[in-house]
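Just so it is clear: chains get the letters A, B, ... in the order the sequence lines come, proteins before strands, and each one is counted from 1.
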Amino acid sequence: MTAELLVDARAIRKEFGGLVACNDIDFTVERGAIVSLIGPNGAGKTTFFNMLTGAYTPTSGEIVFDGRDIVGLPQHKITALGIGRTFQNIRLFGAMTALENVLVGMHSRLRSGLFRSLARTPLQRREEKDGRAQARELLAYCGLSPRAEQQYARHLAYGDQRRVEVARALATNPKLLLLDEPTAGMNPKETIAFVDFVRKAREERGLTVLLIEHDMRVVVEVSERVTVLDYGEKIAEGTPDEVTADERVRSAYLGTKPVS
Amino acid sequence: MGTGVGTAAASSRRPILALVPRIRSRAVTALGILLLGLVAFWLVENAVHDIGQFGLVTLNGITNGSIYALVAIGYTLVYGILELINFAHGDVFSWGAMIAYSVAISWLGADNHSGIELFGILAVALLCAGAFCATLNVAVERVAYRRLRNAPRLAPLITAIGMSFVLSNAIAVVYGFNYVSSEPLLSRRALFTIEGQSYGWDKLIVLLITVPTLMSLMVVVKRTRWGKAMRATAQNRDAARLMGIDVDRAIAFAFGIGGALAGIGGFVYLVYFTQGRFDLGFQIGLFAFTAAVLGGIGNILGAALGGYLIGFIENYNSGLTWHAPGPSWTESLIFILLILILVFRPHGLLGEELSTRS
Amino acid sequence: MPPATRTRLERALLAVCFCTLALYPWLYSNYLSTTLTQWLPDTSTAFVILAFTVMGLGLNFVVGYAGLLDLGYVAFFAAGAYVAGWLASEQFANAGSVVFGGTVLPKTPGIHLSPWLVLLAAALFSALLGVVIGVPTLRLRGDYLAIVTLGFGEIIPQFVRNGDNLGGFNLTNGAFGMNGIDGLGFGNTVHHAIHTLPSNFLNELDSRWYYWTALALVVVTIVTSLLLRDSRLGRAWIAIREDEDAAAAMGVPLMRTKTLSYAIGAFFGGAAGAMITLQAGATSPDAFSLQVSIFVLCMVILGGIGNVWGVTLGGILLAYVNYKGLFAAGNTFNSTFGTNVDISQYAYLIYGVAIVLFMLVRPEGLIPSARRRAELVEEPEEENVGAEASPA
Ligand SMILES: Nc1ncnc2c1ncn2[C@@H]1O[C@H](COP(=O)(O)OP(=O)(O)O)[C@@H](O)[C@H]1O
Ligand SMILES: [Mg+2]
């Protein structure tokens with residue numbers, strides 16, 4: 001009874017020309033869980049994310065998020081329903097400050113349009129002020145030093161860019177947070193801190209987290225369930241222990257990319 | 001059960017939402033077919049009304065289309081490799097026509113010769129125009145575009161617009177703002193007639209030059225080392241570099257080939273229309289670009305095909321007598337076509353569907 | 001930088017610039033004309049310069065903020081011009097006489113609305129046209145969009161040229177264009193109500209009034225630009241310019257946001273078109289060439305894409321060069337060397353060279369926005385960035 005599904009994707013399929021990037025994948029995420037999606041490069045993980053967020057429309061299949069079918073909805077509507085994401089190769093708005101990046105993340109929560117902005121109504125001013133305060137809080141929550149808030153995203157250090165990306169995703173007020181290889185490029189210490197952060201964020205913000213991850217230690221440490229993709233196929237699913245014990249997974253994934 | 005409720009609610013909502021894109025795409029297809037049907041009907045009706053006129057206009061379409069095809073390939077090659085709309089390409093074409101004029105008429109006096117001498121002169125002019133424009137196009141790439149290869153995407157496009165102004169106005173500096181023109185070079189005496197309408201050397205020579213040029217282009221692109229390097233670079237620049245291909249040279253090669261074809265196009269234009277002006281390439285360039293998009297940008301065969309299609313559209317619209325909008329609407333028609341293609345079928349007739357990256 | 005953080009020096013500079021501009025007609029006639037007539041625009045020319053600056057600022061919403069390359073901006077100029085023609089001339093004399101605040105005698109045939117209303121109507125109509133053009137095309141990416149807008153920029157003049165016989169109806173007067181368009185003024189009713197207005201309502205207001213109207217419009221456009229830049233909408237535009245996919249993933253509705261930038265750009269383009277037409281008293285399809293679109297685009301590039309002050313400066317500078325500087329330079333050149341060269345013929349050669357050089361050498365423009373510099377300069381400039389950043 002407690003296990004309500006936040007994501008229920010059925011027979012999701014995506015083809016690029018002749019290439020089947022996702023082959024009829026069934027996939028579910030329970031509300032409040034931390035779930036990992038793993039698989040070798042080119043397995044179709046990012047493609048799957050892109051279908052969840054509406055960046056790609058599946059060739060066939062259905063995705064129910066929080067009780068609504070989201071296939072065919074435009075991206076901004078899906079974001080507003082509660083899916084926030086980060087990108088595998090960081091995609092901040094380089095010529096905007098860290099703070100402004102987070103404010104863009106709040107776009108669907110803020111209300112002021114053309115006329116309120118032109119008239120600078122009290123409502124608009126308050127909203128803007130509160131938005132900035134919240135954005136600051138979020139950046140601090142994600143570990144960015146206040147000094148960096150006003151720097152252009154392009155000029156931030158790599159680690160800070162990752163932090164801003166997470167803050168920007170959180171700013172959309174997501175129910176489901178999608179993280180695409182968030183620990184890539186982090187050293188072991190940062191990685192451990194990040195794992196703690198994800199746990200903490202889940203508890204404090206009532207998030208459900210879906211994680212694409214290459215580092216098996218992170219996967220085993222943080223996730224309650226793991227799904228393994230290989231060449232667009234789902235080859236295994238279960239608890240981290242079950243999955244790491246699976247023969248197919250060992251040969252397909254762990255074999256080609258040993259645990260470092 | 002929580003799950004059950006969630007999915008049930010969702011599936012009841014599913015059909016309408018999911019059907020919207022499908023209905024829309026069907027409606028678009030249906031409308032497209034309807035439109036094509038109407039056009040076909042209109043053509044047949046016109047052919048029945050006045051078969052002679054129809055035949056003549058068709059042949060004119062082939063003639064004009066040849067010029068568009070030659071120019072369109074330059075757009076497609078450059079776009080295929082750099083994803084840049086080389087705005088200056090139409091003006092390279094203008095230069096081709098002007099150089100052909102200088103060589104054939106001012107310098108060698110083609111209008112006073114005939115027979116084998118005339119053909120000799122024209123051959124020289126053709127080579128000069130082709131070589132000049134190839135060099136010019138390579139130089140434009142070297143000077144204006146190469147440094148911007150990794151710049152934000154609009155930067156090279158804006159530069160190309162600037163280059164277009166530079167090239168066309170440079171013609172005005174050299175040749176003045178008015179038309180240069182000459183007497184017809186080739187006899188317009190009929191080689192054959194259809195229903196009283198004649199077809200002469202001046203039109204035939206366009207085909208005699210274009211068709212072999214396009215065929216040798218295919219061979220160059222498909223068979224030679226340079227052509228292969230160019231195609232590999234267009235496919236994936238980084239992979240090509242890793243394979244040891246000199247990417248800069250491959251790109252220069254694409255500009256060279258495109259420029260040569262534009263030069264030949266300019267020559268053909270001059271021989272056929274016996275006039276030229278500094279802003280010649282503006283409209284012809286836009287039409288040729290439309291042709292490249294129509295055929296599927298990046299696809300050489302598509303560009304040629306698109307060129308001929310545009311030639312037909314232009315001539316049917318302005319030459320046919322039964323319910324044609326007439327020449328004053330040609331530009332609008334072609335641009336509307338361009339917009340429709342870009343919006344509904346951006347990969348064109350022969351191009352592969354490109355997907356955007358995320 | 002929000003206005004609040006502008007330094008005292010900058011504010012003083014701005015105030016001086018504004019006062020000089022506001023007093024220009026007076027300065028010109030009293031002090032400057034005697035010595036510098038050669039090089040300085042008279043008030044009417046200065047009006048045209050400011051009107052084109054409004055176009056540059058309008059296009060900046062589209063190209064500078066939202067990063068949408070529009071090569072058909074002249075379409076909106078045309079729309080504004082023809083709305084002015086329709087609502088303030090004898091074009092529709094068949095419809096009888098509709099005079100509502102127009103600067104003509106009562107019972108004059110045709111439609112004659114108050115020119116101030118005409119300006120507003122032109123801007124709104126143009127914005128509407130922007131939406132109509134934008135909705136099908138703005139989903140296209142970068143360079144395709146550029147070509148499609150260019151297409152519209154070509155279709156609309158052709159439509160105007162052929163519009164003298166749309167199923168028998170003469171909408172645009174064809175290639176001749178429209179003449180006898182009313183000028184700026186307050187009209188009969190207003191004139192009688194308020195006696196302090198300039199004498200004789202029938203005479204159009206003199207060129208100073210045009211100039212001041214244009215200056216007011218420049219100010220309105222600048223203020224709009226600044227207010228929107230530092231708002232939710234402005235951030236969404238810049239986010240789209242920076243990375244469309246990421247913006248969409250963060251909840252920015254792409255189509256709506258882009259269309260809005262296009263419509264606002266069109267709004268000011270239409271207003272400028274109407275204003276220029278009211279002053280000229282006539283308009284024709286020949287005025288709507290691609291060159292105008294490119295000319296306005298040059299203002300944006302020259303000034304520094306996205307920077308309001310840069311574009312203002314770029315606009316004034318370029319329009320000055322085009323409408324006065326080149327003639328003046330040509331005349332000086334000819335009288336010095338005894339030649340007879342028409343330099344203004346080569347304006348577009350010069351602009352072409354300028355565009356190429358600017359993109360190659362100084363892509364950030366004269367006064368780039370700090371943002372834009374961040375975009376175009378590779379290496380981090382930590383201290384600079386810190387200094388420019390605004391504690392809000
Ligand atoms: N936009 C696209 N167009 C064509 N092929 C794509 C596109 N996006 C992804 N692919 C292909 O789909 C496959 C899966 O890619 P991706 O989902 O990025 O893998 P992963 O994230 O698991 O490494 C790859 O072969 C990739 O080349
Ligand atoms: Mg990936």
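Top candidate by heavy-atom pairs under 4.5 Å with chain C, chosen from A:Arg111, A:Glu149, A:Arg116, is A:Arg111. Between chain C and the residues A:Ser112, A:Ser108, A:Pro174, A:Gly84, the largest count of heavy-atom pairs under 4.5 Å involves A:Ser112. Contact tally against chain A (heavy-atom pairs below 4.5 Å) for C:Leu228, C:Thr224, C:Ile264, C:Leu227: the top residue is C:Leu227.
Among all heavy-atom pairs drawn from A:Val104 and C:Ala239, the shortest one is CG1-CB, 3.9 Å. For the pair A:Gln75 and C:Asp245, the tightest heavy-atom approach, listed with the atom from each and the gap, is OE1-O, 4.2 Å. Listed here is the closest heavy atom pair of A:His107 and C:Gly251: CD2-O, 3.7 Å. When all heavy atoms of A:Phe87 and C:Ala246 are compared, the pair lying nearest together is CZ-CA, 3.7 Å.
Within a 6.0 Å radius of NZ in A:Lys129, other residues, nucleotides and ligands contribute 12 heavy atoms or fewer. Crowding of C:Arg256 atom CZ: a count of heavy atoms from other residues, nucleotides or ligands under 6.0 Å not exceeding 12.
A donor-acceptor pair under 3.5 Å links the side-chain atoms of C:Glu242 to the main chain of A:Ala95, judged by distance alone. Checking side-chain atoms of C:Arg232 against main-chain N and O of A:Leu110 turns up a donor-acceptor pair under 3.5 Å.
If you measure heavy-atom distances from A:Leu114 to chain C, the contacts under 4.5 Å come from both the backbone and the side chain. Contacts of A:Ser117 with chain C are made by both backbone and side-chain atoms, with heavy-atom separations under 4.5 Å. For A:Gln124, the part lying under 4.5 angstrom from a heavy atom of chain C is the side chain only.
C:Ser231 pairs in a side-chain contact (heavy atoms from CB on, under 4.5 Å) with only one of the listed residues (A:Glu127, A:Glu128, A:Arg120), which is A:Arg120.
Looking at heavy atoms from C-beta onward, A:Thr172 lies in side-chain contact with C:Met250 at the 4.5 angstrom threshold.
Residue A:Arg91 holds its CZ atom at 4.0 Å from CG of C:Asp243, rounded to the nearest 0.5 Å.
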